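Worth saying up front: this structure is predicted, and the values here are computed from it rather than measured.
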There are 2 protein chains.
Amino acid sequence: MRRKNERLSLDGHSARPPAIAVTSDRAERALSQRGLQFTPLRRQILDMLIEAGRPLGAYDLLARQRERAGKPFAPTQIYRVLDVLQAAGLIHRLATQGTYVVCDHEHAAGETPVFLVCGACGSVAEAASTAVEQEVEAVAAASGFKPIHPVVEVEGRCAACRAGP
Amino acid sequence: MRRKNERLSLDGHSARPPAIAVTSDRAERALSQRGLQFTPLRRQILDMLIEAGRPLGAYDLLARQRERAGKPFAPTQIYRVLDVLQAAGLIHRLATQGTYVVCDHEHAAGETPVFLVCGACGSVAEAASTAVEQEVEAVAAASGFKPIHPVVEVEGRCAACRAGP
DNA sequence: ACGACGCACGTTATGTTATAACGTATCCAC
DNA sequence: GTGGATACGTTATAACATAACGTGCGTCGT
Ligand SMILES: [Zn+2]
Ligand SMILES: [Zn+2]
Ligand SMILES: [Zn+2]
Ligand SMILES: [Zn+2]
């Protein structure tokens, strides 16, 4: 049962900018749709994640923000910003690592994000798959379970690390 | 005796042998195949997870082991045991929760474990799906990524919680 | 004007999960 | 008997996350 409506928007290696650039406009819209604002602090945290081009931990962001602002910051503040950005669909949390990464995609309903995490170089690529979503749904349906938030993270080896040292 | 996981764990599409109980024999075999031993400490931790019938955190296990032994234990010791049991395929770590749960299945190659986590009652059912494995493989192949360890955890509502309060 | 409300941010403290680094003992192959 | 692998003990620290409470500010209904 091969589904042909698969969308595989894979955006290569994390060193490169995302295919769908996360712009101020996108963030602005995503937040204001929810009655929230794209404040300077939120912009700064999001910018850090964009610039890093890879997942960062909350305390990593905390340290960078302290440098950047020259002021003390508390973990709480970072986590609050991360919660908001995540709720707005601008970033994802990687459960296997406890890190946060910019979202590459405009997610349509019926698509599950799939994260390809290279165990060698640490790069993470985000894809979105309707087929994975459907198969997960099938597994859940078999036990009467209703999926709300599927998490799919795959540890493995990226193309670059398979090719050379 | 605590209520065991209900037999929700089906796999996607193919008939497969029913989930097996985790016995001492299974543990003994799984470990010795790797040149490791099923020591008293390892047995105790595994037993706790079996008796609990649900995922437990490392520090939860630590506290129980301290009670049980009347001796002080260090987190390191627990994590070492968990690492060994996980490597032997006897338990799984749930990344979304930071907890550990006994494995329900004899996993065949080509099957991805799928965890159905009820956000209402906290129950976790394990399933195994070849279809999910294949679709994840397809997504990975599109970017030259080689999957080694797929993680699939689905937050949602279990059959019981959908039925009534 | 005024109060009630929601959002955004600041601050202090604490809780939870996981690993580093080093030491001891045992067994077994060479 | 030396070296390697396994297993366990101990101390300390790192990394991730939340609780609880307070301030300021704009908006809205009255
Ligand atoms: Zn995304
Ligand atoms: Zn790589
Ligand atoms: Zn399993
Ligand atoms: Zn439930």
Specify the separation, in whole Å, of atom [atom1] of [X] and atom [atom2] of [N].
X     : N      : atom1 : atom2 : answer
B:L31 : D:dA7  : CG    : C1'   : 12 Å
A:L56 : D:dA17 : CG    : P     : 13 Å
B:K71 : D:dC8  : NZ    : P     : 11 Å
B:L94 : C:dT17 : CG    : P     : 12 Å
B:Y79 : C:dT17 : OH    : C1'   : 4 Å
A:Q97 : D:dA15 : CD    : C1'   : 13 Å
B:R66 : D:dG9  : CZ    : P     : 13 Å
A:I78 : D:dA15 : CD1   : C1'   : 15 Å

Quick one: which protein N/O atoms are closer than 3.5 Å to N/O atoms of nucleotides 26-28 of chain D? Pair and distance per line, please.
none

Should A:L41 and A:Q65 be marked as a side-chain contact (heavy atoms from CB on, under 4.5 Å) after you check the CA-CA gap, both sets of side-chain angles, and the distance that decides it? CA-CA 9 Å; A:L41 182 54; A:Q65 179 61 12; 3.6 Å; yes
Between [X] and [Y], is any pair of side-chain heavy atoms under 4.5 Å apart?
X      : Y      : answer
B:L62  : B:R64  : no
A:R68  : A:M48  : yes
B:E153 : B:L94  : yes
A:P113 : A:H105 : no
B:D25  : B:R29  : yes
B:R80  : B:T76  : yes
B:R42  : B:L46  : no
A:V117 : A:Q97  : yes

Members of residues 34-43 of chain B that approach DNA chain C, where some heavy atom sits under 4.0 Å away: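 Hits under 4.0 Å, by residue number: none.
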Closest nucleotide of DNA chain D for A:D60 versus for B:V81: which of these residues is on the 5' side?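 Counting from the 5' end, the first nearest nucleotide belongs to B:V81.
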Considering only residues two or more places apart or on different chains, which pairs with a residue in residues 108-147 of chain B satisfy ring pair (Phe, Tyr, Trp, His ring centres under 6.0 Å)?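 Of all non-adjacent pairs touching residues 108-147 of chain B, those that pass ring pair (Phe, Tyr, Trp, His ring centres under 6.0 Å) are B:H92-B:F115.
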Per-nucleotide protein contact along nucleotides 25-30 of chain C, 5' to 3', at a 4.0 Å heavy-atom cut-off (B base, S sugar-phosphate only, - neither), is ------
According to a 4.5 Å side-chain heavy-atom criterion applied to Ile, Leu, Val, Met, Phe, Trp and Tyr, with indirect links allowed, do B:Y59 and B:V81 form part of one hydrophobic cluster?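 Shared cluster, yes.
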Do you reckon A:L116 sits in the same ILVMFWY cluster as A:V151, going by side-chain contacts under 4.5 Å, direct or chained?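 Hydrophobic grouping puts A:L116 apart from A:V151.
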Apply side-chain contact (heavy atoms from CB on, under 4.5 Å) to residues B:V152 and A:V132 and explain how you reach the verdict. CA-CA 10 Å; B:V152 181; A:V132 169; over 6 Å; no
Could you go over nucleotides 10-14 of chain D and give all protein N or O partners under 3.5 Å, atom names and distances?
{"unit_1": "D:dT11", "atom_1": "O4", "unit_2": "B:T76", "atom_2": "OG1", "d": "2.9"}

Partners of A:E133 by side chain to side chain donor-acceptor pair (under 3.5 Å), sequence neighbours excluded?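 Partners of A:E133 by the side chain to side chain donor-acceptor pair (under 3.5 Å) criterion, ordered by chain and then number, come out as A:T112.
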